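Written below as structure tokens is the structure these notes are about.
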Protein chains: 2
Amino acid sequence: MSKEASLKFHMNLGMMIRSAHNSMTERFVQNVFKSGLDISMDQWLVLGPIWQLESPSQKDLGEICLRDKPTITRIIDSLEEKSLVVRVSDQIDHRINRVILTNAGKQLFYDVLPIMEKTREEVRGDIPEEEIEIFKNVLSKILKNLNS
Amino acid sequence: MSKEASLKFHMNLGMMIRSAHNSMTERFVQNVFKSGLDISMDQWLVLGPIWQLESPSQKDLGEICLRDKPTITRIIDSLEEKSLVVRVSDQIDHRINRVILTNAGKQLFYDVLPIMEKTREEVRGDIPEEEIEIFKNVLSKILKNLNS
DNA sequence: ATTTTTTAGTTGCAGATGCAACTAAAAAAA
DNA sequence: TTTTTTTAGTTGCATCTGCAACTAAAAAAT
């Protein structure tokens, strides 16, 4: 293998993907901080589905957010400490915790939503919509390739 | 904002990017393990540029690999423990460490190269080359958007 | 020539991550 | 009905990460 081929090879997806993810998270956290609010990216990414699904189980959240069980447990712990959500044991299946938003949680969600939107615009810049679509598409294909 | 718009919003880039990155790393590690070799993704991603650049400084490696200084320090520590690289203080500027591959390091590099190639093929599957190109392009645009 | 600033790298710390082992409860098998 | 297996969630541990504070050396300013 030539050095050139290798160079191209090494400067590729893995490093860029990790770095892009880090930068996006960092920017979001900065924007949240500038708005005087207090929520981490992880907490936010879980908060949305909770709002949306009304009272998902932790398993549901793990599947949607693509996180493992312990991670969800800890994120919900942290949200509960902040009184943004509560765990309610399912009436029928006592193994299941239903996670529901408190009023404070809903309020924070609505407050952060425009910040997320702003961050998203900063991330996208002037990248054409169709390229973003292909980008997402490739991502989901990669996920499918690796989980089958 | 409608629930539908929000759903789309929440199921988007951040989670997918992180998950794709994790899956790729995991697959690489599995493939390496199956080949009876022993190197982590992080170590590998640094090893390549060392091989390529002959004797980069740690700063060079950080810039190429998009990692911060402490991370590079620790990865080089781990590579040095395995006797895959050595640090050599720069003759002229004594602040700089030049990192160079040992023979064992070179050997491992050559051994892992085909495994990386295989992993890359698994990741790509049958995604068309032009989509991969756009994908990489969007990634670098995102990085540029966030670091300017 | 001396002091100040900048640069390269290291160390310590606090928080996140994934894995494996665990508990408790429900479902399936016997 | 009792036992076994599966499922949902938690805890512990070892590792990784990024940030801030630090050391040592070089460059710039005085």
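Being a predicted model, the structure only gives us computed values, none of them experimental. Chain A is the first sequence line, chain B the second, and so forth, proteins listed ahead of strands; every chain is numbered from 1.
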Nearest-nucleotide check on DNA chain D, A:Pro70 vs A:Glu26; residue mapping nearer the 5' end is A:Pro70
Separation of D:dC13 atom P from A:Arg74 atom CZ, nearest Å, is 12 Å
In whole angstroms, the gap separating P of D:dT17 from CZ of B:Arg18 amounts to 14 Å
Original post:
At under 4.0 Å between heavy atoms, what does A:Thr73 touch on the DNA or RNA strands: base, sugar-phosphate, or nothing?
Top reply: base
Whole-Å distance, A:Asn97 CG to D:dT10 C1', equals 10 Å
In whole angstroms, the gap separating P of D:dC19 from CG of A:Asn22 amounts to 9 Å
From CD1 of A:Ile76 across to P of D:dA8 the rounded distance in Å is 15 Å
* Asked: Hey, are the side chains of A:Leu61 and A:Ile76 touching, using non-hydrogen atoms and a 4.5 Å cut-off?
  -> yes
Quick one: label A:Arg87 by what it contacts on the DNA or RNA (base, sugar-phosphate, nothing), any heavy atom closer than 4.0 Å. sugar-phosphate
- Message: Categorize B:Asp68 for me: base, sugar-phosphate, or nothing, with a 4.0 angstrom heavy-atom threshold over every strand shown.
- Response: base
Scanning all shown strands, the Watson-Crick or wobble mate of D:dT23 with both distances under 3.5 Å is C:dA8
### Query
Base, sugar-phosphate alone, or nothing: which one does A:Lys59 contact when heavy atoms must sit under 4.0 Å apart?
sugar-phosphate
Taken to the nearest whole Å, CG/B:Asp90 to P/D:dA27 is 11 Å
Using Watson-Crick geometry (N1-N3 plus N6-O4 or O6-N4) or G-U wobble (N1-O2, O6-N3), each under 3.5 Å, D:dT15 is paired with C:dA16
Salt bridge (charged side-chain N to carboxylate O under 4.0 Å, His left out) with B:Arg124: of B:Glu129, B:Glu131, B:Glu117, only one passes, and it is B:Glu129
What nucleic acid atoms does A:Arg98 come within less than 4.0 Å of, heavy atoms only: base, sugar-phosphate, or nothing?
-> nothing
> Contact class for A:Ile75 (heavy atom, under 4.0 Å): base, sugar-phosphate, or nothing?
Replying inline: nothing
B:Met41 atom CE is separated from D:dT15 atom C1', nearest whole Å, by 17 Å
Scanning both residues in full, the closest heavy-atom pair of A:Leu143 with B:Ser23 reads CD2-OG, 4.0 Å
task: Compute whether any side-chain donor of one residue and acceptor of the other, for A:Glu133 and A:Asn137, lie under 3.5 angstrom apart.
output: no
Notebook entry, point to check: How would you label the contact of A:Asp77 with the nucleic acid (heavy atoms, under 4.0 Å): base, sugar-phosphate, or nothing?
Noted result: nothing
Comparing nearest nucleotides in DNA chain C, the 5'-proximal residue of the pair A:His94, A:Arg67 is A:Arg67
Rounded to whole Å, the CD1-P distance (B:Ile72 to C:dA8) equals 13 Å
*Is any side-chain N or O of B:Thr71 closer than 4.0 Å to OP1 or OP2 of D:dC16?*
no
Side-chain ion pair, A:Asp42 and A:Arg74, N-O less than 4.0 Å: no
Min side-chain heavy-atom separation A:Leu79-A:Leu47 under 4.5 Å = yes
Of A:Asp93 and A:Lys69, the one whose closest nucleotide on DNA chain C sits nearer the 5' end is A:Lys69
| said: Does B:Ile92 reach a base, just sugar-phosphate, or nothing at all? Heavy atoms under 4.0 Å. | reply: sugar-phosphate
